[in-house]
Amino acid sequence: MKSDLIIQTTAETIMINNGEIAAVNDQPPDFSKPHIAIPPTYHLLPGFIDPHIHGAGGADIMDATPEALETMAKALVKEGVTSFLATTMTQTEDSMMKALKNTGEYMKQQKSGAEVLGVHLEGPFLSPEKAGAQDPDAMLTPDTELFSRFQEASDGNIKVVTAAPELENGYTFTKEVSDSGVVVSIGHSNATYDEFKQAVTAGASQVTHLYNQMSPFHHRNPGVAGGALLEKGLKAEIIADFVHSHPEAVRLAWNEKGAGLILITDAMRAKGLADGEYDLGGQQVTVKGAEARLADGTLAGSVLTMEQAIKNMMSIAVLSIEELAKITSENAARQVGVWDRKGSIEEGKDADFVVLDESYNVVMTICRGEVVYQKEGTSWM
């Protein structure tokens, strides 16, 4: 049993019991129990959920070891992330099976850090025309039988699959997989606008890293990028590092999609480490500053933190705290199917929180009722 904890803000008292939110009300706290009084100028939000991340702290999902997932789980809390989807890369079937099996097994025994909520299967059902940093030689046309084997290997934990629906069998795949309860996200796709619309009709409900590795907007063919902006009911991931997309393109996405965006990092193993040479899916990546690129200059994931993504968003748009909570937690929780226990501060949900100061720096992270990160110098507990 975890110790009771009370969080006090200027507006409410949050009581935590055994890792869950027991009550949210305006009653005065019982200061005889462990408590945290949030300064009035700070912000308390639901813990961030990153549904698209490959690695951090020197570890990668495709390492296929419990140690890699543990490293990521411990590293991500420093940026306010309390849960995430382990995101794969396009590799051989055997390599992907190992990574999926490892993730499913790790989820059964994880005890601390940011919680692994499942898998985002990015690849192999992608278009070689929009490969990006994925291996085009290992890409396959959408295959529901292979997907079923992947799902079995993960112990049923694939929550999102990125696919290019214009490929052979793409629409059938989209319908069958989305009907099974898995989110089909259009990505690494060269679909025309009409093909994009067919995919949405078939059940696709999301796009993967908006603007990147998808058919761009053109006035005679709006492509996937244009469709994503126009289709209001569709959720759209975005990497707000101002490298993958110009700040004004991010602002356009906010203006058109609003709180329908999902902030992601799409980070690789170099996140949190020094500039240098790193591996991503068997390819060498050079990291310099905010950029991670292959030898030919292709962007290869990011080293973005959720903390920096939020600061970047706030620099180009005026978001309320409620809107910020939607794009960092609620939307991902709903898409992944964990809205019943994550994504908002409500009675009965997991006690996952992040505290931001006036400048949107992460000063504290709480995972399932336990303080797992506290910025050095924080003295208001």
Side-chain angles (χ1 to χ4, degrees), residues 47-89 91 99-100 102-103 106-107 110-123 132-134 159-160 208-209 237-241 243-244 262-294 299-312 328-329 332 336 352 354 361-362 364-365 367 372-375:
F48 302 150
I49 301 172
D50 190 346
H52 189 150
I53 177 169
H54 298 277
D60 189 284
I61 302 302
M62 300 307 294
D63 293 343
T65 66
E67 291 79 14
L69 289 169
E70 187 74 10
T71 295
M72 291 179 62
K74 291 180 177 178
L76 294 180
V77 297
K78 298 175 184 177
E79 59 193 73
V81 173
T82 57
S83 49
F84 65 101
L85 288 185
T87 307
T88 61
M89 290 282 291
Q91 291 188 8
L100 293 169
N102 177 66
T103 302
Y106 178 81
M107 290 174 65
Q110 182 178 5
K111 294 181 175 62
S112 62
E115 181 180 355
V116 180
L117 297 176
V119 172
H120 180 156
L121 189 75
E122 189 180 19
Q134 306 262 353
K159 307 299 183 183
V160 178
T208 296
H209 41 53
E237 296 180 349
I238 193 160
I239 311 167
D241 60 356
V243 174
H244 282 78
I262 300 175
L263 282 191
I264 64 165
T265 66
D266 194 16
M268 60 167 292
R269 71 170 74 244
K271 174 156 74 166
L273 303 180
D275 289 356
E277 305 296 323
Y278 296 91
D279 169 80
L280 177 67
Q283 301 178 87
Q284 182 173 299
V285 177
T286 300
V287 174
K288 185 176 181 180
E291 299 184 12
R293 295 183 181 272
L294 300 180
L299 283 170
S302 84
V303 289
L304 179 68
T305 65
M306 286 292 279
E307 178 184 70
Q308 188 60 51
I310 288 166
K311 291 180 180 180
N312 289 347
T328 58
S329 192
V336 173
D352 290 348
V354 59
N361 297 301
V362 174
M364 180 176 287
T365 305
C367 288
V372 292
Y373 170 73
Q374 186 173 349
K375 188 176 181 180

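Residue indices begin at 1 and follow the sequence shown.
Interatomic distance, Asp50 CG to Leu85 CG, rounded to the nearest 0.5 Å: 8.5 Å. Distance check: Lys375 NZ to Lys78 NZ gives 13.5 Å after rounding to the nearest 0.5 Å. Rounding to the nearest 0.5 angstrom, the gap separating the OG1 atom in Thr305 from the CZ atom in Phe48 is 9.5 Å.
The neighbour count for Lys74 NZ, taken as heavy atoms of other residues, nucleotides or ligands under 6.0 Å away, does not exceed 12. Heavy-atom neighbours of Lys159 NZ from other residues, nucleotides or ligands within 6.0 Å: above the threshold of 12.
Listed here is the closest heavy atom pair of Val116 and Gln110: N-OE1, 3.1 Å. For Cys367 against Val372, the heavy-atom pair with the smallest separation is SG-CG2, 3.7 Å. Closest non-hydrogen pair, Ala300 versus Met268, comes out as O-SD, 3.7 Å. Across all non-hydrogen atoms, the minimal contact from Gly289 to Val303 is O-CG2, 3.6 Å. The minimum heavy-atom distance between Leu294 and Gln283, with the atom names listed, is CD1-OE1, 3.6 Å. The minimum heavy-atom distance linking Leu76 with Ala114 is given by the pair CB-CB, 4.3 Å.
One finds a salt bridge joining Lys271 and Glu79 here, because a Lys/Arg side-chain nitrogen approaches an Asp/Glu carboxylate oxygen to under 4.0 Å.
Counting heavy atoms from C-beta on, the side chains of Gln91 and Gln134 never come closer than 4.5 Å. Val287 has its side chain out of reach of Glu277: every pair of non-hydrogen atoms, C-beta onward, lies at least 4.5 Å apart.
You'll find the ring centres of His244 and His209 outside the 6.0 Å limit.
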Practice prompt. Please assess His120 against Phe84 for the test side-chain contact (heavy atoms from CB on, under 4.5 Å), listing each intermediate value before the final yes or no.
Written response: CA-CA 9 Å; His120 180 156; Phe84 65 101; over 6 Å; no
Worksheet entry | Criterion side-chain contact (heavy atoms from CB on, under 4.5 Å) on Ile262 and Ile238, from CA distance to verdict | CA-CA 6 Å; Ile262 300 175; Ile238 193 160; over 6 Å; no
Discussion item. Apply side-chain hydrogen bond (donor to acceptor under 3.5 Å, both in side chains) to residues Tyr278 and Gln284 and explain how you reach the verdict.
Written reply: CA-CA 6 Å; Tyr278 296 91; Gln284 182 173 299; over 6 Å; no
Practice prompt. For Arg293 and Val285, run side-chain contact (heavy atoms from CB on, under 4.5 Å): C-alpha distance rounded to whole Å, both residues' side-chain angles, the deciding distance at 0.1 Å, then the answer.
Written response: CA-CA 5 Å; Arg293 295 183 181 272; Val285 177; 5.8 Å; no
Practice prompt. List the steps and the verdict of side-chain contact (heavy atoms from CB on, under 4.5 Å) for Met306 and Leu263.
Written response: CA-CA 8 Å; Met306 286 292 279; Leu263 282 191; 4.2 Å; yes
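A side-chain donor-acceptor contact under 3.5 Å links Thr87 to the backbone of Ile53. The backbone N or O of Thr65 sits nowhere less than 3.5 Å from a side-chain atom of Asp63 that would complete a donor-acceptor pair. Side-chain N or O atoms of Ser83 include none that pairs as donor or acceptor with a backbone N or O of Ile49 at under 3.5 Å. The main-chain N or O of Leu69 is never found under 3.5 Å from a side-chain atom of Glu67 such that the two would form a donor-acceptor pair. Under a 3.5 Å cut-off, the side chain of Thr365 and the backbone N or O of Val354 do not form any donor-acceptor pair. Checked by atom type and distance alone, the side chain of Arg269 pairs as donor or acceptor with a backbone atom of Asp279 at under 3.5 Å. Between the side chain of Glu115 and the backbone N or O of Thr82 there is no donor-acceptor pair closer than 3.5 Å. Remark: the backbone N or O of Gly301 is not paired with any side-chain donor or acceptor of Asp266 at under 3.5 angstrom. A distance-only check finds a donor-acceptor pair linking the side chain of Ser302 to the backbone of Thr265 [under 3.5 Å]. Of the possible polar contacts, one joining the Asn312 side chain to the Ala240 backbone as a donor-acceptor pair under 3.5 Å is found.
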